[in-house]
**Student:** 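Got a structure for you, questions after.
Source: prediction; values computed, not measured.
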Amino acid sequence: MAEDLDEDIEDAEGEDAEGGEKKRDIKKLALFAGLPALVVILGGVAAALFFLGGDDDAHLAEGEAADEHGEADDQAHLAQMDENPIILDLPEMLVNIDGGDGRTTYLKLNLAVQVSDEAMAEVLDARMPLILNQYQTFLRELRLEDLSGSAGTHRLRLELLRRINIALAPSRVDAVLIEDMLIQ
């Protein structure tokens, strides 16, 4: 009889041990499979909210309308510019730039601007000190590598156009033309 009790106790302990192992296995499975799945789902929801926010659609539609209006203005501006371009010369500029090897290198520029009306000549004359200040400050920071090749010349022309339009705002210049560029 004592033996039967010992066997029953061992059987009961064995069942508890097996049941406990099953409970632990389920917890481990839930932890290792469920947690990463939860993280992926929450990440997807966060990404969807970030990229597909409702207010962005309204701003996007406004931006597209503004772009269409800007394109129409640019087309009209280009048509007018092609009809009668007016070229105005700017004063010759001579600045020293960084040659890269410690030597002073000089950049001599003869520039002209293309405008669509003759009234811009008066605006240019009135604001010439501002324009030259913008240009001198920018040109002195250039390095010799910045001016190499046609891409360097194109970037220079675009930057000069941007700076003159800042100095002339709200008036506007259509193009900056490099008539002569000498690097010595």
**Student:** Determine, stepwise, if the pair Y135 / L111 fulfils side chain to side chain contact (heavy atoms under 4.5 Å, CB included).
**Tutor:** CA-CA 11 Å; Y135 280 0; L111 301 172; 3.8 Å; yes
**Student:** State the CZ-CD1 distance between R163 and I166, to the nearest 0.5 angstrom.
**Tutor:**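 Atom-to-atom, R163:CZ and I166:CD1 are 6.5 Å apart.
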**Student:** If you define the side chain from C-beta out and look only at heavy atoms, does anything of L156 sit under 4.5 Å from L142?
**Tutor:**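 Touching, per the 4.5 Å side-chain cut-off.
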**Student:** If Ile, Leu, Val, Met, Phe, Trp and Tyr residues are connected whenever their side-chain heavy atoms lie under 4.5 Å apart, and connections chain through other members, are L132 and L107 in the same group?
**Tutor:**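 L132 clusters together with L107.
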**Student:** So how far is it from L94 CG to Q136 CD, rounded to the nearest 0.5 Å?
**Tutor:**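 Here the rounded value is 8.5 Å.
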**Student:** Say you draw a straight line from OG1 of T105 to CG of D98; how long is it, rounded to the nearest 0.5 Å?
**Tutor:**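 Those atoms lie 7.5 Å apart.
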**Student:** In the structure I gave you, are the side-chain heavy atoms of L124 and I164 within less than 4.5 Å of one another anywhere?
**Tutor:**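 The answer is yes, as the side chains (C-beta and beyond) meet within the 4.5 Å cut-off.
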**Student:** Just wondering, are more than 12 heavy atoms of other shown residues or ligands nearer than 6.0 Å to CD in E141?
**Tutor:**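 Not more than 12 within 6.0 Å, no.
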**Student:** What are the two closest heavy atoms between S171 and V123, and how far apart are they?
**Tutor:**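 It is OG-CG1, 4.0 Å.
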**Student:** What pair of heavy atoms forms the shortest contact from S116 to D174, and how long is it?
**Tutor:**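 Looking at all heavy atoms of both residues, the shortest contact is N-OD2, 3.2 Å.
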**Student:** So if you build clusters from Ile, Leu, Val, Met, Phe, Trp, Tyr with side-chain heavy-atom gaps below 4.5 Å, do L90 and M93 land together?
**Tutor:**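 Cluster IDs for L90 and M93 match.
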**Student:** In the single-linkage hydrophobic clustering (I, L, V, M, F, W, Y; side-chain heavy atoms under 4.5 Å), do Y106 and M181 co-cluster?
**Tutor:**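 Different hydrophobic clusters.
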**Student:** What closest approach, in Å, do P129 and A126 show between heavy atoms, and which atom pair accounts for it?
**Tutor:**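 For P129 and A126, the tightest heavy-atom pair comes out as CD-O, 4.0 Å.
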**Student:** Atom CD of E159 and atom CG of L139: how far apart are they, to the nearest 0.5 Å?
**Tutor:**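 Nearest 0.5 Å value for the CD-CG distance: 9.5 Å.
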**Student:** Rounded to the nearest 0.5 Å, what separates atom CG in D125 from atom CE in M128?
**Tutor:**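 Output value for this atom pair is 6.0 Å.
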**Student:** Same cluster or not: F138 versus L158, using hydrophobic residues (I, L, V, M, F, W, Y) connected whenever any side-chain heavy atoms lie under 4.5 Å apart?
**Tutor:**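 As far as the 4.5 Å side-chain criterion goes, L158 and F138 are not connected within one cluster.
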**Student:** Please examine the side chains of D146 and I97, heavy atoms only from C-beta on, and report whether any two atoms are closer than 4.5 Å.
**Tutor:**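 With C-beta onward as the side chain, the pair stays apart.
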**Student:** Donor-acceptor pair, distance only, cut-off 3.5 Å: does the side chain of N165 make one with the backbone of R162?
**Tutor:**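 Absent.
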**Student:** If only atom types and distance count, is the side chain of R127 paired as donor or acceptor with the main-chain N or O of A169 below 3.5 Å?
**Tutor:**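 Confirmed, R127 side chain pairs with A169 backbone.
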**Student:** About how many Å separate NE2 of H154 and CD1 of I178, when rounded to the nearest 0.5 Å?
**Tutor:**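 I178 atom CD1 to H154 atom NE2 measures 10.5 Å (nearest 0.5 Å).
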**Student:** What are the two closest heavy atoms between A121 and L88, and how far apart are they?
**Tutor:**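 That closest heavy-atom pairing would be CA-CD1, 3.8 Å.
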**Student:** Can you give me the closest heavy-atom contact between T137 and N133, atom names plus distance?
**Tutor:**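 In this case the closest contact between T137 and N133 is OG1-O, 2.8 Å.
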**Student:** Is it true that L147 and L177 fall in one hydrophobic cluster, defined by side-chain heavy atoms closer than 4.5 Å?
**Tutor:**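 No, separate clusters.
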**Student:** Give the intermediate values and the outcome of side chain to side chain contact (heavy atoms under 4.5 Å, CB included) for residues I86 and M120.
**Tutor:** CA-CA 9 Å; I86 300 167; M120 280 297 294; over 6 Å; no
